[in-house]
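A, B, ... follow the sequence lines: proteins, then strands. Residue 1 opens every chain. Keep in mind that what you see is a predicted model, and the values were worked out from it rather than measured.
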Amino acid sequence: MTEGNDGRLDLSAPATPEMMGLVHAVLEQLWEAHDDVAATDRVRFEMAVIEILGNIVEHAYEIDSTDTGSRRFDVSVAATETELVASFGDNGLPMSIDLSDVAMPDELAESGRGLALAMAAVDDLSYERENGRNLWRLTCTRKG
Amino acid sequence: MTEGNDGRLDLSAPATPEMMGLVHAVLEQLWEAHDDVAATDRVRFEMAVIEILGNIVEHAYEIDSTDTGSRRFDVSVAATETELVASFGDNGLPMSIDLSDVAMPDELAESGRGLALAMAAVDDLSYERENGRNLWRLTCTRKG
Amino acid sequence: MIEFAVETTPQGIAVVRPQGRLNMAAARRLKEVLDGLVGDGRNRIVVDMEETTFLDSSGLGALIAGLKSARQAGGDLRVARPTEAVRTVFSLTNLDRVLKPRDTVEDAFDD
Amino acid sequence: MIEFAVETTPQGIAVVRPQGRLNMAAARRLKEVLDGLVGDGRNRIVVDMEETTFLDSSGLGALIAGLKSARQAGGDLRVARPTEAVRTVFSLTNLDRVLKPRDTVEDAFDD
Ligand SMILES: Nc1ncnc2c1ncn2[C@@H]1O[C@H](COP(=O)(O)OP(=O)(O)O)[C@@H](O)[C@H]1O
Ligand SMILES: Nc1ncnc2c1ncn2[C@@H]1O[C@H](COP(=O)(O)OP(=O)(O)O)[C@@H](O)[C@H]1O
């Protein structure tokens, strides 16, 4: 949870599409508290965060669709002098694909760009399955 | 943290005035997920939540003003069939006054209404000091 | 962020319209706006709260402060068209008498 | 919530203006709007993105879907006035060629 950064914002909420707006609001707050973060860095970080959250909401609970109540995620975002960092945790099903296999699909494909876009946007994206939880970590090295 | 309610929203953030807008956004999300909560219940709950948060931001760190970085709070809000519940935790200084002494000040007083207003708005407001943390708990029994 | 639109009626009454949430940060600015009006000799003020979606004790404090300085200057401050959120706060704090809300901006100074 | 204003130019070109965040929920609605236009025979479409503050892969998918159905109907879909957020997504996905953004809505169908 990006320990050591006292300015971080942590949210834990049900994994529903409506929560995407709240995560945008969390990021708006982060930018307000760190008004020196360059627009280019905000844009690519926010986009990657929303892609990963969108995947959690859409995919991580697909098969396990009986027990809506317990579908939750948590997210922590922080800005340091040099980096923007986000980490996600969720108790959904494990990711089916290997990040090293992710590639941008055909130009006219209507879907399948989420992970490729997130990976292109940030400087580091990692995924781990730990203690029955999915853990995602995103890092942008600040350019601005 | 209102255990047993899987729809709850938890936020942890620096205890700064800017975070009040984010807590409003969290509550907006709660109302969106629970659109059957009556307007009267939303109004009194939101007001009490914001009063308690305002006090944390304003008072709980007053003397201890050297170490801005570690001033944080967490809040958890949830709606059940019968109740609206919020709990706050913060690592600031202990509350100086006893809730049973709280009364509405003179009509023309310009301050000192926060706690009295929060207590009048909700059905239960409690404060505890536990393990060096301040814990506040608010409960509204749903009327609507 | 809350906005403060200020207008003057043909009768010389200043109308302040806090739009959005009247909370801690906004209360400080409302107090400045009200102090500025009274300082300019415009001591008859209507606070039109039709679009005030939220009010807390600090917003209430700014209204009371404005009321007191308007009265000290020989004028008054009156509240018009409160939303449900505003009315709830007035009634929970027993201020509906001192901040007696009026139904319209036009008639706010009729009595 | 995102809004979709739709206009028609004197040349019969439909102009769609997604205002706000073009994300998962909004993408679904944009796809419906674009499908509706092509279904009505309005297959020359400009998506004016001057006020699109955010775009993700699902929004991009809706644009590509609209582009394909407009072309299948003998028309085209063109993007005008992308914000920085939109341009970033186009360039990271290498779609600046297929969704080549135009500087103005008026000239979007000039070539
Ligand atoms: N959080 C996740 N949990 C499980 N599977 C996932 C997750 N994120 C992505 N995937 C898998 O990776 C695939 C590619 O995802 P993505 O690149 O975002 O494109 P899309 O979401 O448009 O299919 C998805 O179709 C899904 O099978
Ligand atoms: N979270 C808190 N931590 C420490 N002291 C507090 C806290 N909340 C309230 N207090 C004390 O209680 C007093 C009354 O608070 P309140 O009723 O909210 O009115 P006001 O904030 O306008 O003074 C405050 O002046 C402060 O001394």
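C:Arg87 is not listed as a side-chain neighbour of B:Val43, based on a closest heavy-atom distance of 4.5 Å or more.
How far CZ of C:Phe54 is from CE of B:Met20: 7.0 Å, rounded to the nearest 0.5 Å. We find the CZ-CG distance between B:Arg113 and C:Asp56 to be 12.0 Å, quoted to the nearest 0.5 Å. Taking CZ from C:Arg21 and CD1 from B:Ile50, the interatomic distance works out to 7.5 Å, rounded to the nearest 0.5 Å.
Minimum heavy-atom separation, C:Glu84 to B:Ala39: OE1-CB, 3.7 Å. Across all their heavy atoms, B:Glu110 and C:Ala65 have their closest contact at OE1-CB, 3.3 Å. Here the closest non-hydrogen pair linking C:Val89 and B:Met47 is CG2-SD, 3.4 Å.
Using a cutoff of 4.0 Å between basic side-chain nitrogens and carboxylate oxygens, C:Lys100 and B:Glu107 are not scored as salt-bridged.
With a 4.5 Å cut-off on non-hydrogen atoms, C:Thr93 touches chain B through its backbone and its side chain both. Of the atoms belonging to B:Ala109, it is backbone heavy atoms, and not side-chain ones, that fall under 4.5 Å from chain C. Proximity to chain C is limited to the side chain of B:Glu58, based on heavy atoms less than 4.5 angstrom apart. For chain C, the nearby part of B:Met104 is the side chain; its heavy atoms alone come within less than 4.5 Å. When heavy atoms are compared at a cutoff of 4.5 Å, C:Leu92 approaches chain B by way of both its backbone and its side chain. When heavy atoms are compared at a cutoff of 4.5 Å, B:Ala121 approaches chain C by way of both its backbone and its side chain. With a 4.5 Å cut-off on non-hydrogen atoms, C:Leu67 touches chain B through its side chain but not through its backbone.
When the shell of 6.0 Å around CG of C:Asp103 is examined, it contains 12 or fewer heavy atoms from other residues, nucleotides or ligands. Within a 6.0 Å radius of CG in B:Asp36, other residues, nucleotides and ligands contribute more than 12 heavy atoms.
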Query raised in the report: side-chain contact (heavy atoms from CB on, under 4.5 Å) between B:Thr40 and C:Thr88: does it pass, once the steps are laid out?
Result: CA-CA 8 Å; B:Thr40 49; C:Thr88 303; over 6 Å; no

Query raised in the report: Under the side chain to side chain donor-acceptor pair (under 3.5 Å) criterion, do C:Ser57 and B:Glu51 qualify, and how do the steps go?
Result: CA-CA 7 Å; C:Ser57 65; B:Glu51 289 295 344; 2.7 Å; yes

